[in-house]
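Report on the structure given below.
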Amino acid sequence: MARMFQNLGNTLGRQSNTLKIRCEACRHEAIWSANTALRVFGHRAVRYDITSRLRCSRCDKKQVSIWI
């Protein structure tokens, strides 16, 4: 079950967690390691910060959903 999060640093605190990303337009999925997600977005990033910056690498749309 996907967990909701207040900010990325609190939720991805353990190295075993990953950030999952899905494009709602073409259904392409990607998985980012905790280190990569924290390096790109920072510990204080909230859901809106992340989804507003992401774009699908396959279809180039900004219709993404994320979960941990």
Side-chain angles (χ1 to χ4, degrees):
M1 175 108 192
R3 294 187 304 167
M4 300 298 289
F5 58 90
Q6 295 297 320
N7 67 42
L8 199 58
N10 288 342
T11 306
L12 283 180
R14 293 182 292 185
Q15 296 301 318
S16 61
N17 289 332
T18 57
L19 179 68
K20 287 108 176 145
I21 306 160
R22 179 186 310 131
C23 176
E24 297 302 330
C26 71
R27 308 308 276 175
H28 176 242
E29 290 190 10
I31 299 174
W32 288 18
S33 69
N35 287 336
T36 302
L38 291 171
R39 187 176 60 244
V40 171
F41 299 111
H43 288 271
R44 293 184 174 196
V46 295
R47 181 176 298 274
Y48 176 78
D49 297 334
I50 298 167
T51 57
S52 66
R53 291 178 57 190
L54 287 175
R55 185 179 291 272
C56 180
S57 62
R58 184 174 291 164
C59 71
D60 204 38
K61 301 228 177 182
K62 289 188 83 166
Q63 300 170 348
V64 296
S65 62
I66 58 172
W67 69 98
I68 303 298

Quiz item: How many angstroms lie between atom SG of Cys23 and atom NZ of Lys62, to the nearest 0.5 angstrom?
Solution: 12.5 Å
Self-check item: Pairwise side-chain contact, Leu19 with Phe41, heavy-atom cut-off 4.5 Å (strictly under)
Solution: yes
Exercise. Report the distance from atom SG of Cys56 to atom CD1 of Ile21, rounding to the nearest 0.5 Å.
Key: 10.0 Å
Practice problem: Any pair with a residue in residues 20-30 that passes side-chain hydrogen bond (donor to acceptor under 3.5 Å, both in side chains), sequence neighbours left out, goes on the list, sorted by first then second residue, please. | Solution: Thr18-Lys20, Arg22-Glu29, Glu24-Arg27, Glu24-Ser65
Quiz item: Only one of Leu38, Leu12, Leu54 clears side-chain contact (heavy atoms from CB on, under 4.5 Å) with Trp32; which?
Solution: Leu54
Exercise. First locate atom CD1 of Ile68, then atom CG of Asn17, and finally report the distance between them rounded to the nearest 0.5 Å.
Key: 6.5 Å
Quiz item: Which pairs pass side-chain hydrogen bond (donor to acceptor under 3.5 Å, both in side chains) with one or both residues in residues 49-58, sequence neighbours excluded?
Solution: none
Exercise. List the steps, then state whether side-chain contact (heavy atoms from CB on, under 4.5 Å) holds for His43 with Leu8.
Key: CA-CA 5 Å; His43 288 271; Leu8 199 58; over 6 Å; no
